[in-house]
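Please read the structure below before turning to the comments.
Remember, it's 1-based here, ligands and their atoms both numbered in the order they're listed. Values below: every heavy atom of this structure, side chains too, minus hydrogens, waters and symmetry copies.
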Amino acid sequence: RAPRMDAAKAGALAPAPSHESTLPARAATLTFANQHSVRLDVLWDDVHRAQEVALLEALEPGNERVVNSFEGHRFVWRRSDTKEKLGGLTSRAGEQRVLLNEQPELKGEASACSDRTSTSRCLQMRQQGHCTAAPGWMAVNCAATCDMCEMKSSAVRCALDRFNRTTAIPEEEGSLDRLFQRIVAEYAPDGLIVHSRPPTGPWVVTLENFVSDAEIEGLLVHTRANLARSTDQGATDLATGVTQKVVSSRRTSSNAWCLGPCETEPRVRELVAKIERLTGISSQHYEQFQVLRYEVGEEYMRHHDYAPRNGVPEPAGPRLLTVFLYFSDVQGGETTFTDLSPPVSVSPKRGRALLWPSVLSHDLHQQDTRTHHRAQPVIAGAKYAANAWVHVFDFRTPNLWGCTGAFED
Ligand SMILES: O=C(O)CCC(=O)C(=O)O
Ligand SMILES: [Fe+2]
């Protein structure tokens, strides 16, 4: 199956480190009470200098001390004698009593819910609003700093009932057919070709001159430099849902996702709006464009775009449709639906769009196995193209939460 959205990069992420907080810091008053049987040091993890500063030294067992600080500061405590770290927390606004004790909850919290990324970086990101703007990445990497310990687990974070489950098209027999019939009627004057259709096969249609030169340029100008050898999803860490990337042997092309400035580029927005008009489905259901480049000899073996892993339901649901866009004229490089008889092949042609479903008309959750396809090796030229994948449910929100199956490191 095709690898999907790199959720880790989907949100407003990994900002250049900045020492300026964009939010006014609110005061926090912390009372540290040593309930251990040994002396403790309390340290402040200083964001600006990326170092730990001793705050309370040799706090005696049974004693407590008040520290005036600010919201979002990270404190850790350790044994004064051995310097062994025993716990840590991020301050909240207002007054807070911090019991430095040996209760398992605290130990658990300190270890299971520490930041995966450096706390200094997490604090900067928190101050820039990323705990809310990119909650999935932050819950996994900055759980302690964002106070999102329970969301670190993908089972909790990605529970289906947390997300909007409105389907892109009505969940009733025939709604997929109606969608294609409308497209056929509307675009027939513009050179639409029906390559396959029910009842003998799945819908496979092409549209000529669907993408304009300006739209192609807008998309490529922001992605060309990021094109990298395509990867597949490797092992997933069940605790966090973080998926590894492995170089794909089935897919020798390069690809890049249209994120950040690419997404907000006016010509790209125009193209998204055009696909919304074509499908009648809101872009809330779309993955960001995946731009592809195939050099001579490069190809993509037979696969299916459907997506859900091992039949596990995902908040975004399966891919309902693929809108595949060709940006160059090349020799070879056809998209071939291998399982249709006879197989259907579509040649790359600049501006052409190819559209097909990954699910069945009578059940939007079931894979239509007839739409397996492959990309033939390019014979001459460079093939540029893009996938716009449309999901059955909202894709954007679960993607921000790192719940779209490709939450990568
Ligand atoms: O390049 C093509 O023609 C098809 C690519 C494809 O199937 C995919 O990226 O999932
Ligand atoms: Fe595909």
So is [X] touching ligand 1 or not, going by heavy atoms under 4.0 Å?
X: Trp389; value: yes
X: Gln376; value: no
X: Arg251; value: yes

Worksheet item: Is Glu287 salt-bridged to Arg319, going by a charged N under 4.0 Å from an acidic O?
Response: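 A salt bridge is present here (some side-chain N lies under 4.0 Å from a carboxylate O).
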Item to complete: Would you mind reporting whether Ser328 and Arg350 have side-chain heavy atoms less than 4.5 Å apart?
Response: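 Result no, sub-4.5 Å side-chain heavy-atom pair not found.
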Worksheet item: How about His391 and Leu320: do any of their side-chain heavy atoms sit closer than 4.5 Å?
Response: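 Side chain of His391 against side chain of Leu320, heavy atoms only: no contact under 4.5 Å found.
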Fill in: Close N or O approach (Gln290, ligand 1; < 3.5 Å)
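No, since none of the N or O atoms of Gln290 sits under 3.5 Å from an N or O of ligand 1.
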Discussion item. For the 3.5 Å polar cut-off, considering only N or O atoms, please tell me whether Tyr326 and ligand 1 meet it.
Written reply: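 There is no such contact.
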Applying a heavy-atom cut-off of 4.0 Å, say which part of [X] lies close to ligand 1: side chain, backbone, both or neither.
X: Glu334; value: neither
X: His303; value: side chain
X: Thr322; value: neither

Item to complete: Find the distance between OG1 (Thr167) and CG (Asn164) and round it off to the nearest 0.5 Å.
Response: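 Between Thr167 OG1 and Asn164 CG, I get 9.5 Å after rounding to 0.5 Å.
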Worksheet entry | Selection from Tyr294, Tyr384, Tyr300 by shortest heavy-atom distance to atom 1 (O) of ligand 1 |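 It is Tyr294 that holds the nearest heavy atom.
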Discussion item. Regarding His303, does it place an N, O or S atom less than 2.8 Å from the Fe ion (ligand 2)?
Written reply: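 Checking the Fe ion (ligand 2) against His303, an N, O or S atom does fall under 2.8 Å.
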